[in-house]
Participant: 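Starting off with a structure, shown below.
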Amino acid sequence: MPNLTAVSVFLLRGFSTVPELQLLGAASFLLIYLAAILGNVAIVAAVTQDAHLHTPMYFFLKHLSLVDICSVSTTLPRALVATALGSRDISLHACASQLFAFVCLGSTECFLITSMAFDRCLAIYRPLLYRATMSPETCVSLVSVAWGSGLVFSAFHTANTFSLPFCGPNMIDHFFCDIPALMRLACANADAHEAAGFAVSGCVIMSCFGLTVLSYVRILATVCQIHSTAGRWKSLSTCSSHLATVLLFYGSGSSAYMQPRTSYSPTQGLVAAVFYSVLTPTLNPLIYSLRNKDMKGALLKLYPRGPF
């Protein structure tokens, strides 16, 4: 870290500045965290154990659930423990590590969602070539590229953020170390760092989003050529869960990261963070299980008396 950084410990604001709301928020987020972990673990277990789900689509879904488990575990447990113990301290290096892990997992999820869009496009647009193209080797390569790209993307943002000097104040208006909240604490002009972050994030996010949109344009064009209503519905139903995840992921993430630092609002940032870092990992298992017969069947094998 640069010698100009005098702050060695940050203070996390937590879920609220009101003590009563802190405890209520902690209790609520604990329940949500448990639901997210149980739901995503169930998805991973179901896909792993059920041979009918050993397909590219569910292979990507399993890795998406693994990312969601790690992502929600990067932010919530520390915030919950800090609220319970009354200690909001987080060291500079722990803060940097948390930021690195969170950005890495978030960007990996972005690349995985793009791979899933390509998978759905190929399955509908080129069904005869689907098995040969989406081979196990191809799926592993796509997942490896997603993780590798996430690591590089995260390394840039962590270095870009923590190369700024932090001299005080050290109160982070958030329940975890996030880029917009940290840049507001820098005691130097962060415009160049913010511009660099916007440029890199814009290229990566818009590229992934553009490829996803192109995949769905091709899907819709193919579906429109299907004459039977039942055939159209069957094709679209295989994409509905993924499309819901796309809207949830990009809708919540863009509201937090695609705005200038000068217009950043701590309250708005906190609400957006709850959506993209907490609710999205919690809702993904529901999205992929409620309207998916194969997933319901696999989950019923795991939990014969469960709600599925």
Participant: What closest approach, in Å, do Pro169 and Leu185 show between heavy atoms, and which atom pair accounts for it?
Facilitator: O-CD2, 3.9 Å

Participant: Holding to side chain to side chain donor-acceptor pair (under 3.5 Å), I want the full list of residues that pass it with Thr161, two or more places apart in sequence or in another chain.
Facilitator: none

Participant: If you measure SG to SG, does Cys110 sit under 2.5 Å from Cys208?
Facilitator: no

Participant: So, does Arg232 use its side chain to make a donor-acceptor pair with the main chain of Ile226 at under 3.5 Å?
Facilitator: yes

Participant: Ignoring hydrogens and angles, tell me if any N or O in the side chain of Glu109 forms a donor-acceptor pair with the backbone of Leu64 under 3.5 Å.
Facilitator: no

Participant: What pair of heavy atoms forms the shortest contact from Tyr288 to His242, and how long is it?
Facilitator: OH-CA, 3.2 Å

Participant: Quick check: closest heavy atoms across Ser289 and Leu299, and the distance to 0.1 Å?
Facilitator: CB-CD1, 3.6 Å

Participant: Verify whether one side chain among His63 and Tyr58 offers a donor that lies under 3.5 Å from an acceptor in the other.
Facilitator: no

Participant: Got more than 12 heavy atoms from elsewhere within 6.0 Å of NE2, His54?
Facilitator: yes

Participant: Could you tell me if the side chain of Cys239 sits less than 4.5 Å from the side chain of Ile124, heavy atoms only?
Facilitator: yes

Participant: Using modelled atom types only, decide if a donor and an acceptor are shared between the side chain of Thr212 and the backbone of Ala117 within a distance under 3.5 Å.
Facilitator: no

Participant: Determine whether the side chains of Thr138 and Ser135 contain a donor N or O and an acceptor N or O closer than 3.5 Å.
Facilitator: yes

Participant: Between Phe166 and Leu182, what is the shortest heavy-atom contact and its length?
Facilitator: CE2-O, 3.2 Å

Participant: Tell me which one of Ser71, Ser154, Pro281 satisfies side chain to side chain contact (heavy atoms under 4.5 Å, CB included) with Leu105.
Facilitator: Ser71

Participant: Where do Tyr250 and Phe209 come nearest, in terms of heavy atoms and distance?
Facilitator: OH-N, 3.5 Å

Participant: For residues 35-108, which residue pairs pass the disulfide (SG to SG under 2.5 Å) check, not counting sequence neighbours?
Facilitator: Cys95-Cys177

Participant: Taking the side chain as every heavy atom from C-beta outward, state whether Phe175 and Leu12 have any atom pair closer than 4.5 Å.
Facilitator: no

Participant: By side chain to side chain donor-acceptor pair (under 3.5 Å), which residues pair with Ser73, not counting sequence neighbours?
Facilitator: Tyr33

Participant: When you compare the side chain of Val103 with that of Phe156, does any pair of heavy atoms fall below 4.5 Å?
Facilitator: no

Participant: Counting C-beta onward and ignoring hydrogens, is there a side-chain heavy-atom pair between Arg131 and Thr55 closer than 4.5 Å?
Facilitator: no

Participant: Any non-hydrogen side-chain atom of Phe60 less than 4.5 Å from a side-chain atom of Ile113?
Facilitator: no

Participant: Check whether any side-chain heavy atom of Met295 lies under 4.5 Å from a side-chain heavy atom of Val47, and answer yes or no.
Facilitator: yes

Participant: In terms of hydrophobic clustering (I, L, V, M, F, W, Y; side-chain heavy atoms under 4.5 Å; direct or indirect links), are Trp147 and Leu142 co-clustered?
Facilitator: yes

Participant: So, for Phe176 and Ser277, which heavy atoms are closest and what is the spacing to 0.1 Å?
Facilitator: CE2-OG, 4.0 Å

